[in-house]
Amino acid sequence: MTQQYEVIVIGGGAAGLSAALVLGRARRRTLVVDAGEPRNAPAAHMQGYLSRDGMSPQEFLAVGREEIARYGVDLVRGRAVDVTRDEEAEDPGFSVTLADGRTFHARRLVVATGLQDELPPVPGLAERFGRDVLHCPYCHGWEVRDQAFGVLATTPMSVHQALMVSQWSKDVTLFLHTVPEADLSDDDLRRLAAAGVSVVPGEVAALLTEDDRLTGVRLADGTTHPRQVLFAAPRPLPQTALLDHLGADLHETPFGAYPVVDATGQTSIPGVWAVGNAVGFSEQVVNAASSGYRAGATINGDLLMTDLDRHRPEGR
């Protein structure tokens, strides 16, 4: 039998749990479907979230799951593989099917499926991601401040990354890797020089470690460069399969295609909201939680007004 809910939240990260918390407190029968694959799982801690600075992502999510349970929100482990609209219903309705065949139905849907980070294929890089291979200076810059930084250039935007991380260390080397030196503009070179960033052409072949710590990088020509931290920009892969299936409008960005949403996260599909990294690659945990909160409050109001209008006395 299909289980009935008012709202189904697909994704149990900061955005999804925040939406569920608001909905649970609003006495809405809510289900969270969680595949258990948060984007920040490799990180030992998260930073910049007021009152939660330094907390581990695992602890943060565990506390969030405990909080939503207090308000009667259900949570199931599983992967949503299909979503269909009830075209005959007067009020938007959706059926969500999990990989194990379970099906749930709800009047409204929150998509908080986030994204996946595709790392550059450099030997040893993936194993150290979230430790001394990093991507966000706001997330980790303070913890590695004043160490010897490397920046792995994979796109022209890597110059911007090198300039940004120079705020946290004055010993920064930009390894051009797959970016031709000729692609650097005069402004790029001027700013790099002003920031004191060294530029090294050539492909990075491997990372060097000792005692489970990054010690440097080796180029394809065999030369080595001592480094303690390497910043690398993953390629974001938006998880939009469910939204694609529903026919939601997407907009192309340099970092992938994301759903078109309004200020509350509502997509072009009536009854469907998208929040967190499902709508953009740069959302931090605090931003994701905020977007979930906003969507949850909006959905509660939407359901309330829909029900009041449905039961409006005739003639009014």
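Below, all heavy atoms of this structure are taken into account, side chains as well, without hydrogens, waters or symmetry copies.
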Any donor and acceptor pair, going by atom type alone, linking the side chain of Asn287 with main-chain N or O of Gln284 inside 3.5 Å?
-> yes
Check step by step if side-chain contact (heavy atoms from CB on, under 4.5 Å) holds for Leu31 and Val9.
-> CA-CA 6 Å; Leu31 172 70; Val9 179; over 6 Å; no
Do Ser198 side-chain atoms and Thr173 backbone N/O form a donor-acceptor pair below 3.5 Å?
-> no
Could Arg85 and Phe94 be counted as a cation-pi pair, given that NZ or CZ must be under 6.0 Å from the ring centre and within 45° of the axis?
-> no
Sequence neighbours excluded, which residues qualify as salt bridge (charged side-chain N to carboxylate O under 4.0 Å, His left out) partners of Asp188?
-> none
Lys/Arg-Asp/Glu bridge criterion (N-O < 4.0 Å) met for Asp211, Arg213 = no
Considering residues, nucleotides and ligands other than Asp186, do more than 12 of their heavy atoms fall under 6.0 Å from its CG?
-> no
Looking only at atom types and distance, does a side-chain atom of Thr215 sit under 3.5 Å from a main-chain N or O of Leu208, one as donor and one as acceptor?
-> yes
Between Val96 and Asp82, does a side-chain contact (heavy atoms from CB on, under 4.5 Å) hold up when you go through it step by step?
-> CA-CA 6 Å; Val96 177; Asp82 190 34; over 6 Å; no
Applying salt bridge (charged side-chain N to carboxylate O under 4.0 Å, His left out), name anything that partners Arg145, two or more places apart in sequence or on another chain.
-> none
Among pairs that include at least one residue of residues 152-164, which meet salt bridge (charged side-chain N to carboxylate O under 4.0 Å, His left out), considering only residues two or more places apart or in two chains?
-> none
Before giving the answer on side-chain contact (heavy atoms from CB on, under 4.5 Å), spell out for Asp307 and Arg107 the whole-Å C-alpha distance, their side-chain angles and the decisive distance to 0.1 Å.
-> CA-CA 12 Å; Asp307 291 342; Arg107 298 169 62 190; 2.7 Å; yes
Going by distance alone, is a donor N or O of one side chain under 3.5 Å from an acceptor N or O of the other, for Ser169 and Asp171?
-> no
Leu219 and Thr224: side-chain contact (heavy atoms from CB on, under 4.5 Å), yes or no, with the steps?
-> CA-CA 6 Å; Leu219 302 187; Thr224 62; over 6 Å; no
Backbone of Ala148 reached by a side-chain donor or acceptor of Gln228 within 3.5 Å | yes
Return all side-chain donor-acceptor pairs below 3.5 angstrom for residues 149-162, not counting sequence neighbours, or 'none' if the list is empty.
residue, atom, partner, partner atom, Å
Thr155, OG1, Met157, N, 3.1
Ser158, OG, Thr154, N, 3.0
Ser158, OG, Thr155, N, 3.4
Ser158, OG, Thr155, O, 3.0
Gln161, NE2, His135, O, 3.2

Donor-acceptor side-chain pairing of Glu283 and Asn277 below 3.5 angstrom = no
Heavy atoms of other groups near Arg29 CZ, more than 12 under 6.0 Å | yes
Residue pairs passing the side-chain hydrogen bond (donor to acceptor under 3.5 Å, both in side chains) test where at least one lies in residues 257-269, sequence neighbours excluded | Asp262-Thr264, Thr264-Trp273
Side chains of residues 229-242: which donor-acceptor pairs under 3.5 Å do they make with residues two or more places apart or in other chains?
residue, atom, partner, partner atom, Å
Arg235, NH1, Glu118, OE1, 3.0
Gln239, NE2, Leu237, O, 2.7
Thr240, OG1, Asp244, OD2, 3.4

Pair Asp91 + Arg310: basic N to acidic O under 4.0 Å | yes
